[in-house]
Amino acid sequence: ISRILGVALICYAGYSLVKHRLWLPRQLLWLSGGGVVTGFLAGLIGTAGAIRGAFLTAWKLPKGVYLGTGAVMGLGADAVRLVAYQQTGLLAANYQLVIVFIMVALAGTYVGARLVKSASTILFSRIVLVGLILAGIRFLWA
């Protein structure tokens, strides 16, 4: 399944880079369907970032909206995952390490926000699509 997803990501992003970007209408049906597919595949293969990225690029969101939406979705998923790991004993409470991770995440967010502001919308879109191709290649070796 990971390999099929990898091929799909590479084909979608490659086509979008070479020809024109595929798009989905911003309607409740498509938004809900994207969430369901992302959640299902995340549960099945254990990751959702690339899938979420593909759906978000298909809606042609402005770069700030793209990043904000992806960040909120990722934060929600990670918060639920961390609570589940903590409750099942898979994650030991190491609060010093959590503080370090939060500081690194905030620093990365600050630097990323500065870089995104300086990038044009077209450049930002191309960077995201190249990232999807790289994620697809990674899925081929999963």
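Start at 1 with the first residue, then count along the sequence.
We find the CG-CG distance between Leu129 and Leu134 to be 11.0 Å, quoted to the nearest 0.5 Å. Atom CZ of Arg126 sits about 11.5 Å away from atom OG of Ser16, to the nearest 0.5 Å. To the nearest 0.5 angstrom, Leu132 atom CG is 12.5 Å from Cys11 atom SG. The CG atom of Leu56 lies 6.0 Å from the OG1 atom of Thr69; values are rounded to the nearest 0.5 Å.
A distance-only check finds a donor-acceptor pair linking the side chain of Thr88 to the backbone of Tyr85 [under 3.5 Å]. Remark: the backbone N or O of Ser125 is not paired with any side-chain donor or acceptor of Lys63 at under 3.5 angstrom.
By the 4.5 Å heavy-atom criterion applied to side chains, Phe124 and Leu67 are counted as neighbours. When side chains are defined from C-beta on, Pro62 counts as touching Val65, because their heavy atoms get closer than 4.5 Å. Side-chain contact between Leu17 and Ile133 is present, with heavy atoms from C-beta onward closer than 4.5 Å.
Membership of an apolar cluster is not assigned to Ile4, as no side-chain contact below 4.5 Å to another ILVMFWY residue is traced.
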- Message: Could you walk me through whether Thr57 and Tyr12 satisfy the side-chain hydrogen bond (donor to acceptor under 3.5 Å, both in side chains) test, starting with their C-alpha distance in whole Å, then the side-chain angles of each, then the deciding distance to 0.1 Å, before giving a yes or no?
- Response: CA-CA 10 Å; Thr57 59; Tyr12 164 73; 2.7 Å; yes
- Task: Decide yes or no on side chain to side chain contact (heavy atoms under 4.5 Å, CB included) for Phe55 and Val37, but give the supporting numbers first.
- Result: CA-CA 10 Å; Phe55 275 107; Val37 169; 3.9 Å; yes
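Judged as a side chain to side chain contact (heavy atoms under 4.5 Å, CB included), and not counting sequence neighbours, the contacts of Ile127 are Leu123.
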Please report, to 0.1 Å, the donor-acceptor pairs under 3.5 Å made by any side chain of residues 97-112, with sequence neighbours excluded.
from: Thr109; atom 1: OG1; to: Ala105; atom 2: O; distance (Å): 2.8
from: Tyr110; atom 1: OH; to: Arg114; atom 2: NE; distance (Å): 3.2
from: Tyr110; atom 1: OH; to: Arg114; atom 2: NH2; distance (Å): 2.8

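At a threshold of 4.5 Å between side-chain heavy atoms, the hydrophobic network of Ile, Leu, Val, Met, Phe, Trp and Tyr places Met73 and Val80 in two separate groups.
Between Ala54 and Leu9, the shortest heavy-atom contact is CB-CD2, 3.9 Å.
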